[in-house]
Amino acid sequence: MPTADDDRRLGPLTMRASDEDRQRVIEALEHHTQLGRLTLDEFADRCDTVLAAKTLDDLRAATHDLPALPPTPAATAGSEAANDRHVLLVFAIALIAAVLLGLVYAAFH
């Protein structure tokens, strides 16, 4: 039975891959395909490899010949929150305008 000492000797790339790890690699493959580095057939083959991967080293095999992607800017989450606030503000203004129009219509009709 493997022990914690065995896990340390095996190294980080022999660690089991999680579904989140697999999803991250598939997203990277999608990006490389959009950039024209992979054909759709290559993308499909590599996705099969990723979905069958058991370790982080198996996942690395799917992207070993591709350049590293630039990190995703952290500002993206902030801009999404700003968009959500903008949509809520527009909805609130539209609701207030509808109520005011209804009051004006009721008053003069």
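Every value quoted in this text rests on a predicted model; they were computed, and no experiment measured them.
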*Asks:* Do Glu30 and Ile26 touch side chain to side chain, with heavy atoms closer than 4.5 Å?
*Replies:*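 Glu30 reaches Ile26 side chain to side chain.
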*Asks:* State, with a plain yes or no, whether a side-chain heavy atom of Thr49 is found less than 4.5 Å away from one of Asp58.
*Replies:*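 With C-beta onward as the side chain, the pair stays apart.
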*Asks:* Which heavy atom of Thr14 sits nearest to which heavy atom of Thr55, and what is that distance?
*Replies:*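 Heavy atoms of Thr14 and Thr55 come nearest at O-CG2, 3.6 Å.
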*Asks:* Under the side chain to side chain contact (heavy atoms under 4.5 Å, CB included) rule, what do Asp57 and Arg60 come out as? Steps first, then yes or no, please.
*Replies:* CA-CA 5 Å; Asp57 195 42; Arg60 195 170 147 218; 4.1 Å; yes
*Asks:* Calculate, to the nearest 0.5 Å, the distance between atoms CG and CE belonging to Leu59 and Met15 respectively.
*Replies:*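 That separation rounds to 11.5 Å.
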*Asks:* Determine the minimum heavy-atom distance between Leu69 and His31, stating which atoms define it.
*Replies:*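 Heavy-atom minimum between the residues: CD2-CD2, 3.1 Å.
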*Asks:* Can you name the nearest heavy-atom pair linking Thr33 to Phe43, along with the distance?
*Replies:*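 Here Thr33 and Phe43 meet closest at OG1-CD1, 3.3 Å.
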*Asks:* Looking only at heavy atoms, which two atoms of Val50 and Ala62 are closest? And how far apart?
*Replies:*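 Looking at all heavy atoms of both residues, the closest pair is CG2-CB, 3.6 Å.
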*Asks:* Identify the residue among Leu89, Leu95, Ile96 that makes a side chain to side chain contact (heavy atoms under 4.5 Å, CB included) with Ile93.
*Replies:*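 Filter result, single survivor: Leu89.
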*Asks:* Looking at every heavy atom in both Arg46 and Thr63, which two are closest together, and how far apart are they?
*Replies:*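 Arg46 and Thr63 have their closest heavy atoms at NH1-CA, 4.3 Å.
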*Asks:* Is any side-chain heavy atom of Asp21 closer than 4.5 Å to a side-chain heavy atom of Val25?
*Replies:*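 Side chain of Asp21 against side chain of Val25, heavy atoms only: no contact under 4.5 Å found.
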*Asks:* Evaluate the side-chain proximity of Gln23 to Asp19: yes if any heavy-atom separation is below 4.5 Å, no if none is.
*Replies:*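 Result no, sub-4.5 Å side-chain heavy-atom pair not found.
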*Asks:* Under a 4.5 Å cut-off applied to non-hydrogen side-chain atoms, are His32 and Pro67 in contact?
*Replies:*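 They are in side-chain contact.
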*Asks:* Are more than 12 heavy atoms, taken from residues, nucleotides or ligands other than Leu103, located less than 6.0 Å from that residue's CG atom?
*Replies:*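 Atom CG in Leu103 is crowded, with more than 12 foreign heavy atoms closer than 6.0 Å.
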*Asks:* If we ignore hydrogens and angles and just use 3.5 Å, is the side chain of Asp45 paired with the main-chain N or O of Glu42 as donor and acceptor?
*Replies:*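 Pair absent, no side-chain N/O of Asp45 close to backbone of Glu42.
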